[in-house]
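Working notes for the structure below.
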Amino acid sequence: MAVDQPVTTPTGDQTRIHNIGYRSYDGPRLGRAYARRSLYSQSLRGAYGLGRSVKSKVLPMLLFVVMCVPAAIMVAVAVATKAKELPLDYTRYAIVMQAVISLYVASQAPQSVSRDLRFKTVPLYFSRPIETADYVRAKYAALASALFVLTAAPLLVLYVGALLAKLDFADQTKGFAQGLVSVALLSLLFAGIGLVIASVTPRRGFGIAAVIAVLTISYGAVSTLQAIADAQDSTGAIPWIGLFSPVTLIDGVQSAFLGADSAYPGAMGPSTGEGVVFLLVTLGLIAASYGLLMRRYRKVGL
């Protein structure tokens, strides 16, 4: 036979209602510009793993070292042999190291945007004063800045080494400036392409594979077609084929306007007139990348 248990009722000492309430914020409101700068600085730091785990720092720092070591070796050789010029022009360095640059873009573009998409934090950004344009500009500028640091650092090593080797100051300064213009354009183009591809999928692995595929396969296909055109004496087609790969686009622009030696077969880089088309296509791709990112994040932020 069940026995009813006595029901205990809480006393006044055991139950309390805490009226915490909502407190208004009376501090400074830093606004939209501060939020945009903060997002830019944090994204730039994240591109090199700063402020993140040790594991996140390994790959970007390793790629940075890989970019700079060949430049340091060239400087050491030039100083030791008392050479009259550097083994490699400033404008050629990024083209030779394009595989490392592509790998960096493939690893860091998804890191910049894929996690926000995966964890659906983008609408949270837009619940603050920050707007779609601020988010896109901050992310684009951060990755482009990280790429510029990656590509300009070895040029600085070459320049300082050239001055230590007592090479002609005017020639080295001119070459260094041309190299900086080239890598600045490359950074904008590669950052835009990488972010557009990475923003399509919230999965970082898919983003990495897609960026690598677009950058490397396009370069391999264009280089093969140019070699075939050169073998068939279709030299007039060689420059125009270069329009279909980001790497060969930059190569064409710098060979047309910066006096760089072209990596095209037979050094058949575009003429100045053809270079105008290359420059317009490059700037168009940069603008199109920004426009596609804006369109993408307007939909995501809804």
Side-chain angles (χ1 to χ4, degrees), residues 61-105 144-190 215 219-220 222-223 226-227 230 235 238-239 241-242 245-276 278-279 282:
M61 292 301 182
L62 178 62
L63 294 176
F64 182 83
V65 171
V66 171
M67 282 291 295
C68 293
V69 166
I73 294 174
M74 292 178 192
V75 166
V77 171
V79 172
T81 61
K82 297 182 180 180
K84 300 299 181 181
E85 59 182 14
L86 293 172
L88 191 66
D89 292 338
Y90 294 96
T91 50
R92 292 284 304 134
Y93 195 89
I95 303 299
V96 172
M97 302 294 291
Q98 56 90 17
V100 180
I101 299 171
S102 298
L103 183 57
Y104 180 86
V105 176
S145 299
L147 274 170
F148 183 75
V149 171
L150 181 78
T151 53
L155 301 188
L156 181 61
V157 172
L158 287 175
Y159 180 64
V160 172
L163 296 184
L164 292 176
K166 298 181 180 180
L167 302 183
D168 185 75
F169 176 79
D171 287 344
Q172 297 305 314
T173 302
K174 179 182 178 182
F176 179 57
Q178 291 174 336
L180 290 180
V181 172
S182 175
V183 297
L185 194 60
L186 181 146
S187 299
L188 288 171
L189 179 61
F190 276 47
L215 294 179
Y219 178 71
V222 166
S223 299
Q226 286 178 329
D230 184 52
T235 55
I238 292 177
I241 296 173
S245 168
V247 178
T248 52
L249 260 178
I250 298 299
D251 192 333
V253 171
Q254 66 181 19
S255 63
F257 296 109
L258 300 178
D261 294 332
S262 177
Y264 292 3
M268 295 296 297
S271 63
T272 303
E274 294 169 337
V276 173
F278 273 69
L279 181 60
T282 302

All heavy atoms of Val157 vs all of Val75, minimum pair found to be O-CG2, 3.4 Å

Hey, could you give me the CG/OG1 distance between Leu279 and Thr272, rounded to the nearest 0.5 Å?
12.0 Å

Please report the shortest heavy-atom distance between Met67 and Pro70, naming the atom on each side.
O-CD, 3.7 Å

Please report the closest heavy-atom contact between Ala256 and Ser271, naming both atoms and the distance.
CB-O, 3.7 Å

Tell me, which pairs form a side-chain hydrogen bond (donor to acceptor under 3.5 Å, both in side chains) where one or both residues lie in residues 251-266, sequence neighbours left out?
Ser182-Gln254

Taking only residues two or more places apart in sequence or in another chain, which ones pass ring pair (Phe, Tyr, Trp, His ring centres under 6.0 Å) with Tyr93?
none

To the nearest 0.5 angstrom, please state how far the CG atom of Leu86 sits from the CG atom of Leu167.
5.5 Å

Drop me the distance from Leu185's CG to Phe257's CZ, to the nearest 0.5 angstrom.
10.5 Å

To the nearest 0.5 Å, atom CG of Asp168 lies from atom NZ of Lys174 at 11.0 Å

Give the minimum heavy-atom separation between Val183 and Phe148, together with the two atoms involved.
CG2-CE1, 3.8 Å

Once you round to the nearest 0.5 Å, how far does CE of Met97 lie from CG of Leu88?
10.0 Å

What pair of heavy atoms forms the shortest contact from Tyr104 to Leu63, and how long is it?
CA-CD1, 3.6 Å

Pairs satisfying side-chain hydrogen bond (donor to acceptor under 3.5 Å, both in side chains), at least one member in residues 67-92, at least two apart:
Tyr90-Gln172

Answer whether the closest heavy-atom distance between the side chains of Met74 and Leu158 falls below 4.5 Å.
yes

Exercise: identify the closest heavy-atom pair between Thr282 and Ile250
CG2-CD1, 4.2 Å

Has the side chain of Gln98 got a donor or acceptor atom that lies under 3.5 Å from a matching backbone atom of Ile95?
no

Residue pair Tyr159 / Thr173, side-chain donor-acceptor N/O under 3.5 Å:
yes

Distance col, row Ser187:OG vs Leu180:CG, nearest 0.5 angstrom, shows 10.0 Å

Between Thr248 and Ser245, is there a donor-acceptor pair closer than 3.5 Å when you use the side chain of the first and the backbone of the second?
yes

